[in-house]
Amino acid sequence: MATDMDVDDSFKPDIHITIQADGSSKRTSCIIEAMHAEERLPREMLNRLMDNIAFGKSHSSEPSPTEKAKYKTRQDFLEEMIIRHAAGATPSRLPSQATPEQRAAERQRVLNVPTTRHRIIFSEWPRPPDSKKCITPDNSLPGKTAPNKLQLWGATLFDFYHVNRIVTIKNLVTTSTGSKLAAWVKAQGEDGYEPAKGMLEWAEDEADPEVVEPCDIAQLIQDGEAAQRRRIESVGMKRAQKGKNDEDTEMDEEAKNEEEVQMDDFEFHKTVDSIFAPSAYPKDWISEPFTDWKLKWMPIAQPHTLQKYIPQSCLPKKLVVHDPWRLLHVSGVRDREEWEKDVQLPWSEKKDITHTYKLKTSEKHTDRMKEDGAERAVHEAKEKAILEKFLADPHTKNEAPRGFEMLRHGETEPGPVRPAIYVVLPSLPWPVPAKEGHLYLSPAHTIGEGNHSMVYNAEWELPRSLLVEQELCSTCIAEDVEELMKEQLHPDGSPFDPKYDEKSGRLYLKTRAKAPLTMTLDGNKDDVYLLEEGYYGKTLEYEGSYQVFQSRVRYQNLENGPYCKHLNKTDQSVHPLTAKVSVAAKLSIQYDGHLANEANNYQRFPKHFFEHYTGYNVIRPILEPVPLGPLVPQYYGHYVVDEEEYKPARANDEAGPTDTNPRKYLSPILLVEKCGIPIEPAELSIDDKQECASLVYRFHEASWIHGSVAKRNILRQPGPLSQWPVQRMFNNYDRGGYGVGWSFRLIDFGRSSDTRHVEARKSNDMIRTDAQKITNWINDFGELD
């Protein structure tokens, strides 16, 4: 199979592989016309190219519209496989003489019913019919794996295979992956078998597992700030209009400018005592907790859910908890009627009661914290090594540090040129650990209630620089480079070093090409599926030494001082010094140890529990691939009352002595990611049920026992989390209302334990209990509690 290639200008890709229904691979010649810019081939060109390959026509032949229409997409192919494999679980309802409309409706019905599996294994790995080799656990070789180390990982559904362990025993079939089988057939000498060569080439091109980040919380915060600025401008214009109507006179230009709220009016407050102080907010900025507002007709939901992994070392050491409703006491003794009225009061009508908490970190379980620190050290050391090597020998043969390349003026054609300029930019600052954060609690935003705990949707206010990258001004960089270049030039404009006037570098056309990949089923050449689109293009590349300039411009953080004059002219420079996000705050009743145990477990969990990876795993006893989303909610800290900063109330304190009495119980707080609502089995497809079960099996594979497997402890929310919130919302209505791309998570680890610290027989019994519950459920032998 053709792959991305760096080739000289005379190259034209001439190899394409078509995988036949029997697993054999066929090499076919084709010619691709050169294009002047690197881009995907247009659909018309691909159709013509596919016709040449699949139908053996000459390159100059133009396919008919009927032939063009026969090329189907990768999704069409997957749906065809799904329907073929669904025959047993979802029998067809088509009449014997069905119309095309009936067939289309039946096809959609089969795809939408919850019993149809969409994640299936549909490929078989061919083996030589005379092979005497047996695939066994002893001679099996590892393939690509995600950090969970589970052996059966594949980047796509096309990377999973059924294969005969012994060729002559047709029913002795096992499941494997392309990377594992490629390693095995090479070790056993079966890599020369012609029908398997297409699979081998596909396996060689398989992507490695990669972390899939959730949608950018920084962008969501900045979008919210932009909406606030538009609201403020709108309010200002309304004020100005109201003044005109009330006075029935025209306001002069000066008065109008004073009335309208303009972005230029906002300035950085150099004298604020705290970035959390009200004076640190721009004028007219809505900062009251749990306030929903609209921008014209569009409701603005603030704040957004925090789903980003934050290293434990960056979590706020101090937490100021705002608790006007005294929820931290976790008291169930309240007058019901009075409480229901009190809950409906807005935040502004309640007297704020604050308590100071401190971050409690485990002294024993510090492995993940050390891992985060080690990752930072490795990253910084790598950046330093790259920079030092590049500065010692600034050449395209060496990896370049963070920065950008500039060609000399007028040099845009292939051939010898003067050395290009490379501008080295400063390293992106690592997030600064937060010293303080503020948490806001309201009973109107209760998420759940258990026998020993309460969970609230809380607003968490953090230093903005912890979540949003600092600013680097491009105009400042341009001015700085101009100054640096002047410092290295003679008055006549010639460089101090004559080597930079010599044409020691070269520009050349670099061609990148990849042939499209098609597939037919059952030898039917009338239906050709385009699995991967091809491309062919050229870019102008520079090769040679550089003249290097290290920019003196630094990143800017409004917490440390005002922005530069360029950034200060933009609306984006107007924002608070903090940002609010939404998290789940879990409180516990007095004398209950579950929350403390859960917090310790969160600190012990390996990092891959919190990460989403590309690809799929096959996890026994599930026989189909399941995605590798995060296993548990993100952990944002375990906080306890700071006794040292606790100040008893005066006798006449309006809040009453019981609210600030050191002996009055104040719950510890566990902050985690908000992950949705408990599952309802009747609303899940078979794929969803298997993914829920896989969470428990993955937990067991990592040597953990959950101890409380129940539907209330498996949450779901619209996904995938890498998409923007509005995109996730539309995914809910796909697949006939069952939705697609859901994100599932295990929660409630107060009873969980690491099997490595439990007596073997007891741990096996506990794992068996967990697994039996979930296995019976997905096989319809029982219900989850």
Side-chain angles (χ1 to χ4, degrees), residues 211-232 263 275-276 281-282 285-311 314-316 428-429 431-432 434 437-440 445 447 457-472 557-559 567 570-585 610-612 629-630 633-636 671-676 715 717-732 741-743 745:
V211 174
V212 179
E213 298 291 350
C215 71
D216 188 4
I217 186 64
Q219 186 61 59
L220 293 174
I221 289 170
Q222 290 171 317
D223 289 347
E225 291 169 347
Q228 281 264 32
R229 290 190 292 267
R230 290 195 295 273
R231 182 196 63 80
I232 292 172
M263 293 298 104
I275 62 175
F276 298 93
Y281 281 87
W285 202 272
I286 293 179
S287 60
E288 182 178 311
F290 305 104
T291 301
D292 293 327
W293 51 276
K294 293 183 179 181
L295 182 63
K296 296 184 178 178
W297 57 269
M298 182 174 63
I300 306 296
Q302 292 288 334
H304 289 283
T305 300
L306 181 61
Q307 296 168 321
K308 176 182 179 180
Y309 178 84
I310 297 180
C314 291
L315 296 174
L428 184 67
V432 178
H438 285 232
L439 189 74
Y440 303 87
H445 295 80
I447 294 177
N457 174 14
E459 290 193 4
W460 196 23
E461 189 173 14
L462 296 167
R464 185 178 183 273
S465 58
L466 181 63
L467 303 175
V468 181
E469 288 183 0
Q470 299 182 34
E471 298 285 349
L472 191 62
N557 181 355
L558 198 57
E559 296 172 32
L567 292 179
T570 65
D571 287 353
Q572 288 76 12
S573 66
V574 180
H575 58 74
L577 304 180
T578 61
K580 285 183 180 177
V581 290
S582 179
V583 296
F610 304 92
E611 294 176 320
H612 178 192
Q634 300 292 343
Y635 171 73
Y636 297 129
L671 296 184
V672 296
E673 177 190 359
K674 195 173 60 179
C675 295
L715 302 185
Q717 61 181 315
L721 301 185
S722 55
Q723 293 185 353
W724 300 107
V726 67
Q727 292 174 298
R728 300 180 212 162
M729 178 181 68
F730 288 113
N731 291 343
N732 294 1
W742 292 103
S743 173
R745 219 72 68 89

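The analysis underlying the following values was restricted to heavy atoms, covering all of them including side chains, and did not include hydrogens, waters or symmetry mates.
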_Audit row: Val432, Asn557, side-chain contact (heavy atoms from CB on, under 4.5 Å) steps and yes/no_ = CA-CA 11 Å; Val432 178; Asn557 181 355; 5.9 Å; no
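- For the atom pair SG (Cys215) and CG (Leu220), the distance works out to 4.5 Å, reported to the nearest 0.5 Å.
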Listing, residues 719-727 side-chain donor-acceptor contacts under 3.5 Å, not counting sequence neighbours, or none:
unit_1	atom_1	unit_2	atom_2	d
Gln723	OE1	Asn731	ND2	2.9
Gln727	OE1	Trp724	N	2.9

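- Between Gly676 and Leu715, the shortest heavy-atom distance links the atoms O-CD1, 4.0 Å.
- Rounding to the nearest 0.5 Å gives a distance of 13.5 Å between CG of Leu462 and CG of Leu577.
- Minimum heavy-atom separation, Tyr636 to Val672: CD1-C, 3.8 Å.
- With rounding to the nearest 0.5 Å, the separation of OG1 in Thr578 from CD1 in Ile275 is 6.5 Å.
- If you take CG on Leu671 and CG on Leu315, they are separated by 9.0 Å, rounding to the nearest 0.5 Å.
- Annotation: side-chain contact (heavy atoms from CB on, under 4.5 Å) contacts of Pro289 (sequence neighbours excluded): Trp347, Tyr440, Glu459, Lys580.
- Two residues are said to be in side-chain contact when any heavy atoms from C-beta on lie closer than 4.5 Å; Glu471 and Gln572 fail this criterion.
- Scanning both residues, Ser573 and Leu558, for their nearest heavy atoms gives O-CD2, 4.0 Å.
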*asked:* Is there a side-chain contact (heavy atoms from CB on, under 4.5 Å) between Ser743 and Arg728? Walk through the geometry before answering.
replied: CA-CA 10 Å; Ser743 173; Arg728 300 180 212 162; over 6 Å; no
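- Side-chain contact check for Ile232 versus Val574: every heavy-atom pair is 4.5 Å or farther apart.
- Residues that satisfy the side-chain contact (heavy atoms from CB on, under 4.5 Å) test with Lys308, not counting sequence neighbours, are Ile217, Leu306.
- Enclosure of atom CD in Glu469 is not indicated, since only 12 or fewer non-hydrogen atoms of other residues, nucleotides or ligands lie within 6.0 angstrom.
- For Thr305, the side-chain contact (heavy atoms from CB on, under 4.5 Å) partners two or more places apart in sequence, or in a different chain, are Gln307, Ser582, Lys674.
- Checked against salt bridge (charged side-chain N to carboxylate O under 4.0 Å, His left out), Glu461 has no partners two or more places apart in sequence or in another chain.
- Applying the ring-ring contact (aromatic ring centres under 6.0 Å, His included) criterion to His438, with sequence neighbours excluded, gives Phe276, His322.
- Of all the heavy atoms in Asn457 and Phe290, the pair that sits closest is O-CE2, 3.5 Å.
- Between Trp285 and Arg229 the shortest heavy-atom distance is CZ3-CG, 4.0 Å.
- Considering only heavy atoms from C-beta on, Ile286 comes within 4.5 Å of Gln228 through its side chain.
- Counting heavy atoms from C-beta outward, Pro630 and Tyr309 have side chains that stay 4.5 Å or more apart.
- Contact annotation: the side chain of Gln222 never approaches that of His575 to less than 4.5 Å [non-hydrogen atoms, C-beta and beyond].
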